[in-house]
Colleague: 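Structure provided below as structure tokens; questions to follow.
Throughout, protein chains are lettered first and strands after them, A, B, ... in sequence-line order, and every chain is numbered starting at 1.
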Amino acid sequence: MSDVIAATRERAVLGTSPTRPDAPAKVSGQFDFASDLTADGAVWGATLRSPHPHARIRSLDISPALAIDGVRTVLTADDVPGTNSFGLISSDQPVFAVDIVRFVGEPVAAVAADDPETCRRALEAIIVDYEILPALIDPEAALDPATPAIHPLGNVVRHQRIICGDPDINGEVTVEGDYEIGMQDQAFLGLEAALAIPDADGTGIELQIATQWLHEDRQQIARCLGLPEESVRLTLAGVGGAFGGREDISLQVHACLLALRVGRPIRMHYSRSESFLGHVHRHPARIWMRHHADRNGHLVKVEARYVFDGGAYASTSSAVLINAVTHTQGPYRCENAVVDGYAVRTNHLPCGAMRGFGVVQACFAHESQMDRLAAACGLDVLEIRRRNAMESGDRLITGQTVTSVAPVRRCIDETEALPLPDKAVGHGDHPYSLPGGAGLTTDTTDVVRGIGYAVSIKNLMYSEGFDDYSTARCTIENGVVSIKFATAEVGQGFVTLAGQIARSVLGVDEVVLEPIDTGVGSAGSTSASRQTWMSGGAVKEACELARDSVIASVALARGVEPGQLELLGTEIVDPIDGWRIAMTDAIQGVSVNEEAVYRHRPTVALNELGQGACHTAFAFAAHRAVVDVDVELGLVKVVQIATAQDVGRALNPISVIGQIEGGIAQGLGLAVMEEIVQVDGVIRNASFTDYLLPTIADMPPVEIALIEEPDPEAPLGAKGVGEPPTISSTPAIVAAIRDAIAQRHPEATPLSRVPVRPSDVVDAFRGLRPTDHDR
Amino acid sequence: MPVFHPIDVDEAVELLARRGPRRILAGGTDEMVRINHGAAVGEGEEIVCLNNITELRSWAFESDRGVLVIGAAVPWTELASGAIATLCPSLAEAARTVGSPQIRNAGTLGGNVATASPAGDGLCAAVALDAVAVIRSAAGSRRVPVAELVTGPKQTGLGPEELITSFEIPLTEGYQGYAKVGVRNAMVISIAGACLVVDEQHGISRLALGSVGPTILRCPEAEPLITDVILNRSGNTARLDEIVDSVRSAARPIDDHRATADYRRHAVGVLARRLVTRAISAREENNT
Ligand SMILES: Cc1cc2nc3c(=O)[nH]c(=O)nc-3n(C[C@H](O)[C@H](O)[C@H](O)COP(=O)(O)OP(=O)(O)OC[C@H]3O[C@@H](n4cnc5c(N)ncnc54)[C@H](O)[C@@H]3O)c2cc1C
């Protein structure tokens, strides 16, 4: 992508890739992540968690912990002054368990002590007498009305149907399959951490926190603390990745409660193993789909049934489910649909937001189905996708018309046109380029190379009538331009982009970004691929208002109509009278304070039949995976990923590429290794020893084509780019593995679950005679 | 907690002989993980670090005995390349699969053997190589084959006051190789491993299996078949299948969150066949 770098112009405006403002500090290790923060007199906080997936608390004795030297306080549900519950959509999760614990890791108490070791001993000293209850771990059983409810709100968090067109119509060709998606972890490297500083008079608190949405946190925290929102001030602390895992409350309320009780700042950090218990995960799902098509492969109807295991508490399960069911058709035209989706409660770890938000699961199923359909119709896998490719103006199975730019065909064509790897099996750039890598399991002759494709559609921004907005302020004072917003910078680079927007709109080169905190209106969440569009829109509008007011003051001083002046690059120009003034000069002496609130166009809730324009906009992507598979051992080396992505406009090409490569790494992880394993409701791999993430020896080179068709509805023409790379990369890789297996074992059962474990590959062909593998 | 940095073995074993709980720390790549996972450091416990003991961090080839003597605290990085890799390629191949560069710079063969995980890569190679552990205590010294020292999963016959000072590996002529299955392409715990050492001079071979039993397993039934196939060039598909079956029946794997017993058994058979096939090709290459 060297052409991108070459395209960098001198001014760090939109379309260039300037260095991130936080890059030097991050690269040199000087950046303060949330876990680095401390304050004078700070003591430490820690959480006692349930070891059982489902149990009744018979008694809880904190006195032995309080007796330990250096222990400052121990808090339980009795000490929560406000509401003892929180939640993003329904407030169904207790701050501290009352009577019942519903998952392994549920907080029961919190301690504050002078150092982490004393905290640990205090937690050990607390005596909890549990009566173990039967755990509900089968999501299908959760649907059975005869199963006792494990929560007062019941075991079904949401049920949504979609009935579209003629539900009884049948196609000449049908294919069906059952699919399963494992539980993935966001695995951000910067663990949960916060610093809570109580006000001297104890009536308010300041929380420095790594989060995705300051204002939502504030609202939930204030309710639990029983304080007015103004008394709870949040500042964004350095965030080391998020991917959805920081949308929910984790240690926020505990840290604030401890600080207010002890009257000292509280530092609180999770360890890696605690982090697995302390945040929500990607929903494991079971999906059945049946696709109907005519003989030429044109889709006639999709049928689907989804069961999403939401774990013990609701979090965003209902919204995740809606994303899944409304994306059942994929990026294809289809006029008829019958879909049933359930999000259920079990005694598993709670699930919620993760990059791709429900669409990851749906896409794995519909893309697996499209390959089956292609085979059943005797068509090439790309040809069937081209024949059905959605276009702008098409209606979805929810009745919503796609108004976004929808270059699905181009995504497919440009992905296919990207170069294939030029290296033969075993000749990759990495020393361990064969499957099995450093383990030296595999020789070149053991390897089959497979190719697979997948295509995706993803909604952008919040859906279903949510009042989704972002706020930004632009001030000019003493010749200095400052921008303020509460947009969580989680690593995606909004801080870079905000500067680019301001420079482009205002024609200045120096822009100061003010601290990210609750001292300005909400920016909404850094999720749903929404901040470039939403906060980008707000910063743009605030800067435009500021620019207009500078122009107005110049016009006033010059005695001309403001409409006569225009900003060209870095200068205000009067084309009629023929003079120009540099913007940096024009802003001297003016005083501007403009705030803008950006809202996307409204959406509506789905009705009972799943009809309604519930989404705002859509982005598309296609992926091609080339994999080398050691079929006999079931080991996979992904050799290359190629992708064409509908980005609208690449406002910062390096950032876009970073999102694409990183998203693919996460999609690869789900395809072949990342899974939280729970046995009888107990997590078995809460560490990076056994929760495997792709390493550099697993991540292949990525070929990228950016499809830039600016979206007229997007304030900057740009679509969100964060999620699509994670969505269709997974099914593309699995399709490629299936292709490789089929070359050795044409009769093998197609893989139907992710992550694909070595044993899944082996089981797919075992019992069959190898066709050409008698060695 | 007091931490001691003895500079020679005598000082170390004296420290270990003192009353009270002691803990040996070599690279710390197992021990610190245990501590991070909440293994409490006991009251009054003392740590004895091996890092400053030059003797433990050196190795030598004793040509008169034909033995490679590797200090227990030599880090993997040194075992993975250079002269050791030439003298003892299977140990080097095992060393290269351990963790990441950071882990290989710190972790040691002594720690790997003392940890006694059935998934220990160095342990598997040490068993196939017939390595002998040289053990010292204030009371004296003893020599125990690694295969006997390890008695079960995470269990050894080492006393609390004992220190492994080195491993003696008899050098052999002939193919040796290590292969390990993991779910990612680097930095992964073995879910099935195998190490084959062919000793042409004595006309024997040793096959050790990792991660398919409570300890590293040898394959007494398959080994003569393997020797025959390799040394007498009697290899054909049926003989190889026989070896694979025999290896699979020697395995005693379990189901856990990393893999199923069924898959481990399957995989270890595949590894055995591939190592034997590699041995045959290596021999052919040498003879042409
Ligand atoms: C990220 C990561 C990846 C890893 N990957 C692998 C892998 O791929 N393969 C693998 O096999 N292992 C792996 N390990 C485990 C570990 O690195 C190895 O077992 C390593 O060899 C341990 O050596 P050490 O020197 O660090 O041992 P330490 O942690 O220092 O000690 C381990 C144990 O051995 C005892 N001990 C150490 N030296 C002696 C001695 N000389 N005499 C008596 N007792 C002694 C200690 O008291 C302790 O009980 C990994 C660990 C980590 C953290």
Side-chain angles (χ1 to χ4, degrees), chain A residues 117 120-121 123-124 271-273 430-443 445-446 630 632-638 669 672-679 683-699 755-763 766 774-775, chain B residues 1 30 33 36-38 40-41 80 89-90 92-100 104 119 121 177-194 235-238 240-241 255-271 273-275 277-278 281:
Chain A
E117 179 61 18
R120 195 186 57 73
R121 287 197 288 127
L123 295 180
E124 264 175 21
S271 67
R272 177 60 59 191
S273 51
H430 197 272
Y432 298 132
S433 60
L434 284 167
L440 301 181
T441 50
T442 305
D443 299 309
T445 47
D446 302 317
D630 177 339
E632 201 182 11
L633 283 176
L635 300 177
V636 174
K637 165 75 188 164
V638 181
V672 295
M673 63 182 83
E674 287 188 43
E675 181 172 15
I676 291 178
V677 179
Q678 293 173 97
V679 177
I683 183 168
R684 303 303 298 272
N685 57 342
S687 82
F688 283 169
T689 304
D690 281 315
Y691 184 87
L692 300 181
L693 296 165
T695 68
I696 192 70
D698 302 283
M699 179 66 192
V756 175
R757 300 160 294 201
S759 57
D760 295 326
V761 173
V762 170
D763 291 344
R766 261 203 303 189
D774 263 355
R775 312 205 304 121
Chain B
M1 136 208 7
D30 275 321
V33 172
N36 271 345
H37 279 209
V41 176
S90 61
E93 285 181 4
R96 279 178 221 132
T97 76
V98 174
S100 58
R104 291 194 289 275
D121 293 309
Y178 180 72
K180 144 184 173 184
V181 176
V183 180
R184 79 181 158 196
N185 287 321
M187 199 158 92
V188 69
I189 294 177
S190 157
I191 54 176
N236 59 39
T237 310
L240 286 174
D241 285 348
D255 281 325
D256 68 10
H257 58 280
R258 294 186 186 134
T260 60
D262 179 54
Y263 174 78
R264 291 174 195 267
R265 192 186 296 281
H266 166 81
V268 84
V270 175
L271 293 183
R273 182 171 55 218
R274 289 187 184 173
L275 288 173
T277 311
R278 285 177 197 172
S281 336

Colleague: Less than 4.5 Å to any heavy atom of chain B: does that hold for the side chain of A:T441, its backbone, both, or neither?
Modeller: both
Colleague: Contact part of B:R264 toward chain A, heavy-atom cut-off under 4.5 Å: side chain, backbone, both or neither?
Modeller: neither
Colleague: Apply side chain to side chain contact (heavy atoms under 4.5 Å, CB included) to residues B:D262 and A:D763 and explain how you reach the verdict.
Modeller: CA-CA 10 Å; B:D262 179 54; A:D763 291 344; 4.1 Å; yes
Colleague: Chain B heavy atoms under 4.5 Å from A:D690: which part of the residue, side chain, backbone, both or neither?
Modeller: side chain
Colleague: Please flag which part of A:R757 lies under 4.5 Å from any non-hydrogen atom of chain B: side chain, backbone, both or neither.
Modeller: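 The answer is neither part of A:R757.
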Colleague: With rounding to the nearest 0.5 Å, note down the distance linking CD1 in B:I191 to OG in A:S759.
Modeller: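 Those atoms lie 7.5 Å apart.
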Colleague: Drop me the distance from B:T277's OG1 to A:D446's CG, to the nearest 0.5 angstrom.
Modeller: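 If we round to the nearest 0.5 Å, B:T277:OG1 and A:D446:CG are 8.5 Å apart.
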Colleague: Can you name the closest pair of heavy atoms from B:N185 and A:G436 and give their distance?
Modeller: OD1-N, 3.0 Å
Colleague: Who wins among B:T97, B:V188, B:D256 for the most heavy-atom pairs under 4.5 Å with chain A?
Modeller: B:T97
Colleague: Of the backbone (N, CA, C, O) and the side chain (C-beta and beyond), which part of B:A267 lies under 4.5 Å from a heavy atom of chain A, both, or neither?
Modeller: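 Backbone plus side chain of B:A267, per the 4.5 Å heavy-atom cut-off to chain A.
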Colleague: Looking at A:V679, A:V677, A:L692, A:T442, which one has more heavy-atom pairs under 4.5 Å with chain B than the rest?
Modeller: A:L692
Colleague: Do any N or O atoms from the side chain of B:R184 and from the backbone of A:L693 form a donor-acceptor pair under 3.5 angstrom?
Modeller: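 Here the side-chain-to-backbone pair exists.
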Colleague: Kindly give the heavy-atom pair with the smallest separation between A:V672 and B:V183, and that separation in Å.
Modeller: O-CG1, 3.8 Å
Colleague: Counting only N and O atoms by type, is there a donor-acceptor contact under 3.5 Å from the side chain of B:H257 to the main-chain atoms of A:I683?
Modeller: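 Absent.
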Colleague: B:R274 and side-chain contact (heavy atoms from CB on, under 4.5 Å): which single residue from A:D630, A:L440, A:T445 fits?
Modeller: A:D630
Colleague: Given a strict heavy-atom distance threshold of 4.5 Å, which part of A:L635 is in contact with chain B: side chain, backbone, both, or neither?
Modeller: side chain
Colleague: Just verifying a value: how many Å separate A:E632 CD and B:L271 CG, rounded to the nearest 0.5 Å?
Modeller: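 Reported to 0.5 Å precision, the distance equals 9.5 Å.
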Colleague: Given that the side chain runs from C-beta out, which part of A:P755 has a heavy atom under 4.5 Å from chain B: side chain, backbone, both or neither?
Modeller: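 Neither; nothing under 4.5 Å.
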